Amino acid sequence: MRQWLLTLELINSPIVWIFVALAVALALVVVLVRPWRGWRLLIALAVGAIGGYVAVIGLEALGAFDGPLPGSASIWAAGGFALAAVGVVGAFSRPWWRRALAVVLVLVALVAAGLGVNRSYGLTHTLATILGIQALESAPLPAATASSDDPATLFQTWTPPADMPAKGRVSALSDAERIPDTGFAARDAALYLPPAALVAHPPKLPLIVFMMGQPGTPDPTSLAAALDAFAAAHHGLAPIAIVVDQLGSINADPACHDSDKYGKVSTYINTDVPAYARTHLNIVDDPAYWVIGGYSNGGACAFAYAAQYPQLWGNLMDVSGNEYPGSEHVAKTTQEVFGGDAAAFEAARPTSWLTRNAGSYGGHAAVFTHGDQDATFGPGQVANAAAAKAAGFTVYETTLPGVNHTGPALDLGLRFAIDSLGPRLGLAAG
């Protein structure tokens, strides 16, 4: 029961509309049993709607949402608070059972508002993701198999066997399957195995190591959906993907760098995770077929690591990433992560690593995406794409029309990135 509740889909399901319908029904009962005067109802609705709208706009102004608020979020908040206000007024009226229904209305309306705001962002698909925990179940890993297939032409030589499932599988890398970490308290990662990895004799496949945003958790939902869509169009072929934790907790920001305060996050991502992948997963052990990727905070880390470790990561997927790690709170990051050393902070920027590793990026590919409504992170993505191109990366970039820093930016950005890299990874025709 607990696992079912924690993994219940909150965005691509009717659950928000169920709560809306329940809230409206309760409001009607509270209002129509011994009907209120019209002015009393209008005042309750108006006060609640204005209060909800002002609350979210105020929180946005204080930076509580780490970026601009989706327009529909304030509407959800206003509507939910309006119905909750009806419940508050009803809680002081008779009979007793109407007071009880009014209290339930307040709770249901607030939940509906929260689910609606979450739907507006389109990023956190489950309660586990909202709470910042890993709630997927672990599963035994398929045994590694020998393969003589040329990874560069796999899309030509691969024939899907009869035992191949229609979709890939997601699971937690927990318990016996957990990735060992060296000095970083990472939350359990998630694993995506495409259909071609789940057959009796699978080919060796490319690897994606992906990081979500901050606040956030290692949630594979969006990446798995994008990879399943790619696999459906390419005979079950897609990369094996590990969604890892670069934060340590839902609201922490280690800025992608080893530090005394947050631990050795860079060592975990660039040493521990690759070592685990080589020994536990049926992957192509060649940097040309490895991708480091991320969204938002994770995208900043991905670019930093692709710049710092060209011998490890041959490809980059930066979906709506920060311009550089710690860009949203430079002074705080400099103090907490770099001990107040501003020069060390500057040296850790991806562009600084591009300069130090000049000449190392031939044959490397980088994808940069952002929404055209994303005034916070979009300009940095444009600058990073130009810097990567100047350093020698083959760059694929796109600006997503009508999209802000929300779920569509992630989902559409992933589709573009995977389609762009598919031919380089031997999974599609060029």
Side-chain angles (χ1 to χ4, degrees), residues 134 136 138-147 151 168-194 197-198 202-212 217-220 223-224 227 238-248 254-260 262-294 298 301-317 325 348 350 353 357 360 363-364 421 425-426:
Q134 180 60 270
L136 291 172
S138 60
L141 299 178
T145 60
S147 174
R169 186 185 79 190
V170 292
S171 61
L173 291 177
S174 305
D175 304 321
E177 311 300 345
R178 191 176 190 278
I179 301 174
D181 50 68
T182 304
F184 179 64
R187 291 168 292 178
D188 291 345
L191 175 69
Y192 168 83
L193 295 174
L198 299 172
K204 292 188 179 296
L205 293 166
L207 172 70
I208 295 176
V209 174
F210 197 82
M211 296 159 282
M212 289 294 290
T217 195
D219 177 16
L223 181 58
L227 291 172
I240 291 171
I242 308 174
V243 182
V244 297
D245 178 24
Q246 84 284 9
L247 303 177
C256 325
H257 193 78
D258 288 357
S259 66
D260 292 337
Y262 292 107
K264 297 182 178 180
V265 58
S266 180
T267 298
Y268 170 66
I269 303 294
N270 298 289
T271 300
D272 300 337
V273 173
Y276 180 93
R278 288 189 178 102
T279 56
H280 290 76
L281 302 176
N282 206 37
I283 58 170
V284 180
D285 190 2
D286 182 339
Y289 297 89
W290 285 26
V291 183
I292 186 70
C301 288
F303 187 27
Y305 296 152
Q308 187 174 358
Y309 300 104
Q311 75 284 2
L312 181 61
W313 307 110
N315 304 278
L316 164 68
M317 296 192 328
W353 281 108
N357 288 332
S360 302
H364 288 55
L421 294 178
L425 301 177

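This structure is a prediction, so every number in the text was calculated from the model and none was measured. Sequence positions, counted from 1, serve as the residue numbers for this chain.
- Here Tyr268 contributes atom OH and Asp245 contributes atom CG; the two are 6.5 Å apart, rounded to the nearest 0.5 Å.
- Judged as a ring-ring contact (aromatic ring centres under 6.0 Å, His included), and not counting sequence neighbours, the contacts of Tyr276 are His280.
- Put simply, the side chain of Phe184 does not reach to within 4.5 Å of the side chain of Ile269, judged on heavy atoms.
- Residues Pro254 and Val265 share a closest heavy-atom pair of CB-CG1, 4.0 Å.
- Side-chain atoms of Leu312 and Asn270, non-hydrogen and from C-beta on, do get closer than 4.5 Å to each other.
- Between Asn282 atom CG and Thr145 atom OG1 the span is 4.0 Å, to the nearest 0.5 Å.
- Nearest heavy-atom pair, Ile283 versus Trp290, reported as atom, atom and distance to 0.1 Å: CD1-CZ2, 3.7 Å.
- Residues His257 and Pro325 form no side-chain contact, since every pair of their non-hydrogen atoms from C-beta on lies 4.5 Å or further apart.
- The shortest side-chain heavy-atom distance between Asp286 and Pro151 does not fall under the 4.5 Å cut-off.
- Taking 4.5 Å as the limit, some side-chain heavy atom of Leu205 sits within range of a side-chain heavy atom of Pro194.
- Across Ile242 and Ala277, no two heavy atoms sit closer than the pair CD1-CB, 4.3 Å.
- In terms of heavy atoms, Pro287 sits closest to Asn315 at O-ND2, 4.0 Å.
- Counting heavy-atom neighbours within 6.0 Å of Lys204 NZ, excluding the residue itself, gives a total above 12.
- Rounding to the nearest 0.5 angstrom, the gap separating the OG atom in Ser266 from the OH atom in Tyr309 is 3.5 Å.
- The two atoms that bring Asp285 and Arg278 nearest to each other are OD1-NE, 3.1 Å, heavy atoms only.
- Taken to the nearest 0.5 Å, the SG atom of Cys301 stands 5.0 Å off from the CD atom of Gln246.
- Between Ile292 and Met211 the shortest side-chain heavy-atom distance falls below 4.5 Å.
- Partners of Asp188 by side-chain contact (heavy atoms from CB on, under 4.5 Å), not counting sequence neighbours, listed by chain and number: Gln134, Ser174, Arg178.
- Residue Tyr305 holds its OH atom at 13.0 Å from CG of Leu316, rounded to the nearest 0.5 Å.
- With a 4.5 Å cut-off on side-chain heavy atoms, Leu173 and Leu141 count as touching.
- Put simply, the residue from Pro142, Ser171, Pro202 that forms a side chain to side chain contact (heavy atoms under 4.5 Å, CB included) with Leu193 is Pro142.
- Of all the heavy atoms in Tyr289 and Gly426, the pair that sits closest is CE2-N, 4.3 Å.
- Met212 places none of its side-chain heavy atoms less than 4.5 Å from the side chain of Leu247.
- Remark: side-chain polar atoms of Asp181 are not paired, donor with acceptor, to backbone N or O of Asp272 under 3.5 angstrom.
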